[in-house]
Amino acid sequence: MAVQWAAEQLTTFLAALSTATDRASMLRRAVDLAAESLEAEVVAYVEGADAPAITGYPPGRAPVQALVALAQGRSGQADLPGLGTVSYHTAPLDGPVAAHLVTARTGTAPFTDDDGTLLRGMARVLGLSLLASEQLRDERDRRTDSEREAAGIRDLLRSVEERQMLLERLTRIQRSITGQAPLHEVLDSIVAGARELTDSEVVVLRCVDPTDPTALATVAAHGDPHGCLPRTLPAGGYVAGRAFAEDALVVGAGSELLSGFTAAMAAPVREKDVPVGALTVATRTANRTYTRAEQETLTSFAAHASLALSEAHTAEALRGALEAARHDALHDVLTGLPNRALLRDRLDHAAARAKRRPRDMALLFLDIDNFKHINDSLGHDAGDALLVAVARRLVDSVRPVDTIARLGGDEFAVLIEEMASESEAEELAHRLLQALAEPVVVIDRQVEVSASVGIAIWDTLGEAHELLSNADLAMYEAKRAGGGRGVLFEPGMHERTLARLDIERDLRPAIENGQLVMYYQPVVELGTGLVRTCEALVRWQHPARGLLGPNEFIPVAESSRLIGLLGDEVLRQSVADAVTWPDDVRLAVNLSPRELTADLPRRVADRLAAAGLEPDRLTVEVTEGVVMADSDAFAVIDQLHGLGIHVAIDDFGTGYSSLSRLRSLPVDTLKIDQSFVSAMHTCDGLAVIGAILALGKAAGLTTVAEGVETPDQLRALTELGCDYGQGFLLSRPVPASAAPTLFSSRFIPERLVPAPGVA
């Protein structure tokens, strides 16, 4: 688009100059049009120490000397009277007189390469137009003289015809350049015109050989039908080599000529004012010399060859840049895979094909499980390396006709067309999960990878974008089910999603408007039956749906990042309640992994101080996986423990704790996961419980069994030496108002029948 615009501007510029009646009006039009095209406040035509044409200043007030000084440079910044700091750019005119077009804009933003190309083109066109105008003026003068001398009329007419032919030929070449004709056609027209108008047998355009910078290679030629001329010449030899090396017109004779030629001349060809080759004409006619007019003609054709090469290479660079930008716009920079935009485009085309000829099609939406933890623990470089490795495995697992894309972050999608059956999509999901099951080595570490995959099958009655959203919904169902699996989309997921959105919408105002209520479940000392701790359990008194349990809104709070706000409200209410309890009863509060931020110790300390509750009466419960693996979370827990707050590992037994590791942790209590308690009726289950209790005792930790629901479980735990129990057998959670009744009760029957298998 920039090349086409520049071509249009040059065409308009040439047309305007060609209608000027004299040199002054031509210069005035040139600076006015240049200022308009380049959006410059000042444009001046500088010739020697004068500036005969200036736009941008009132008549007589232009700083001529300052503009003349700018012409000595090429581009940069300067101060101009009346304008202040400006960015300027200059371009020399081709021709016998040293002249420049000087442009200036207010501000410090530099002129772009496209601006520079357009300015150089305008300078060349103006130089040629001035040259033609001068030639025509000379011709008119000669015509006047020739009228007084009848003998010179025929020569004058011939000269005029030659000049007219030159102008017409150059005009046609200029139009072909600005019209973006193929480069080889433009160069062929240039060498043909130079041969005709200099009356030469041979014309050759040579440029620096891309494979050998010390040689000039033939680019275009006329008058050598049998290819007798050497294809390359030394970059400093013969007429062409001298013109290139000296960057000047060279008229040669003698040893500077190729064998068989009697006269030759060459003019340099430039790109961005740097010599890149030479245009050479040569003759075999005896005693032939090239006139000044013919030298000027060759210079004009060389200038047009320069313009053609510059415009062609600029256009090529722009095409390359556009192609690269298009690729970058449609592909992921990290993995090189198609991105979301390209996936949507291919999805639309695939849907259109499927509608015309019904066929099975599916989309898989894949999200890496726990990627944030990996990224945060090992660093972003490791995270990027993991994504690249995952992308490579996914590519190796699909067919070449399938599209695999990275949608952003740790999300990928696979578009499958031409499926033999719907089951093929589920088989591919299984294959992708298997491909990720092998550990990935990232920065000398083995990383275990799993993913959640949502599968959506194409419905010809639907729209393409629905396939992506359906696969996304199914992926979140897989994530909520624990990850590491594929889930097929089914319509009920939409309703569940809408319900979750309703929960998310209502949750913030519920927290802020006091709709959260506290329940407490006692933790009972098995030796005495007395309550030693009460665990805070939050409920939501929804105005329309009634009392909601934590499973209905806490996962939503986790995913919507409201868990911090919710956790702070739970802490505020429960600490206020615990202040009214007996001094020997502790409060236990669960902490989500998302709550373990650097500012948590300060916020907890402030809540305790505001309520007047001693730190040692608070126990925070965190999951085993967090305290064992997350170094940042460990640091937060260590700070809480340093304040005197007790720390309990919740759901213990589901992770990979060791005795040595437990002894190094800031932990006071192990809470045995209820899955182990419920399996106590088996010998293996009983042995596992015994091992956990022994591990806790060896580490000097208090033990609490969760999910105690039967007398047999209670009896066995007591006889195995478990310190505390918690569960429905002892007490269900009670409202805050009923908590005082817990402290005066004994929750364990005095007579316990020995449990089977317990000595």
Side-chain angles (χ1 to χ4, degrees), residues 94 120 124 128 169-170 173-174 176-177 181-285 288 290 294-316:
D94 290 331
R120 288 192 297 273
R124 293 191 184 101
L128 292 172
R169 182 67 71 120
L170 293 179
I173 292 171
Q174 181 71 42
S176 66
I177 294 172
L183 179 61
H184 69 90
E185 293 182 7
V186 177
L187 298 180
D188 191 65
S189 177
I190 289 172
V191 295
R195 182 187 180 196
E196 178 182 353
L197 296 182
T198 61
D199 192 22
S200 301
E201 283 93 337
V202 175
V203 180
V204 183
L205 172 62
R206 292 184 174 91
C207 290
V208 175
D209 190 336
T211 64
D212 182 5
T214 66
L216 299 179
T218 299
V219 175
H222 262 232
D224 183 31
H226 303 296
C228 297
L229 296 175
R231 185 185 176 280
T232 61
L233 290 176
Y238 298 98
V239 176
R242 274 190 58 201
F244 164 73
E246 298 174 12
D247 192 18
L249 177 74
V250 173
V251 180
S255 62
E256 293 183 322
L257 306 180
L258 292 172
S259 177
F261 292 97
T262 58
M265 62 177 175
V269 173
R270 307 177 182 92
E271 272 193 63
K272 296 183 179 179
D273 298 329
V274 176
V276 295
L279 180 63
T280 307
V281 295
T283 180
R284 297 182 178 90
T285 304
R288 172 78 157 86
Y290 286 106
E294 289 170 333
Q295 294 174 25
E296 292 174 352
T297 297
L298 181 64
T299 300
S300 297
F301 278 106
H304 278 71
S306 300
L307 180 60
L309 290 172
S310 295
E311 294 297 330
H313 291 163
T314 298
E316 182 180 357

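Here the structure is a predicted model, which is why all the values come from computation and not from measurement.
- Side-chain atoms of P230 and L258, non-hydrogen and from C-beta on, do get closer than 4.5 Å to each other.
- The list of salt bridge (Lys or Arg N to Asp or Glu O under 4.0 Å) pairs with a residue in residues 209-218, not counting sequence neighbours, is empty.
- For R242, the side-chain hydrogen bond (donor to acceptor under 3.5 Å, both in side chains) partners at least two apart in sequence or on another chain are E246, E256.
- Residues that satisfy the side-chain contact (heavy atoms from CB on, under 4.5 Å) test with A264, not counting sequence neighbours, are V239, L257, A282.
- Residues that satisfy the salt bridge (Lys or Arg N to Asp or Glu O under 4.0 Å) test with R288, not counting sequence neighbours, are E294.
- The minimum heavy-atom distance between A240 and T280, with the atom names listed, is CB-OG1, 3.3 Å.
- Contact of the V281 side chain with the F301 side chain is not registered, since no non-hydrogen atoms from C-beta on lie closer than 4.5 Å.
- When all heavy atoms of Q295 and Y290 are compared, the closest pair comes out as NE2-O, 3.3 Å.
- The distance from the NE2 atom of H222 to the CG atom of L187 is 10.5 Å, given to the nearest 0.5 Å.
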### Query
Which is it for L216 and V208 under the side-chain contact (heavy atoms from CB on, under 4.5 Å) test, yes or no, and what are the steps along the way?
CA-CA 4 Å; L216 299 179; V208 175; 4.0 Å; yes

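- Using a 4.5 Å cut-off on side-chain heavy atoms (C-beta onward), V202 and F261 make contact.
- For L249 against A267, the heavy-atom pair with the smallest separation is CD1-CB, 3.9 Å.
- T285 is linked by a side-chain hydrogen bond (donor to acceptor under 3.5 Å, both in side chains) to E201, T283, counting only residues two or more places apart in sequence or in another chain.
- Listed by chain and residue number, nothing satisfies the side-chain hydrogen bond (donor to acceptor under 3.5 Å, both in side chains) test with S306 (two or more places apart in sequence, or in another chain).
- Taking the side-chain hydrogen bond (donor to acceptor under 3.5 Å, both in side chains) definition, one finds that R284 meets it with nothing, sequence neighbours left out.
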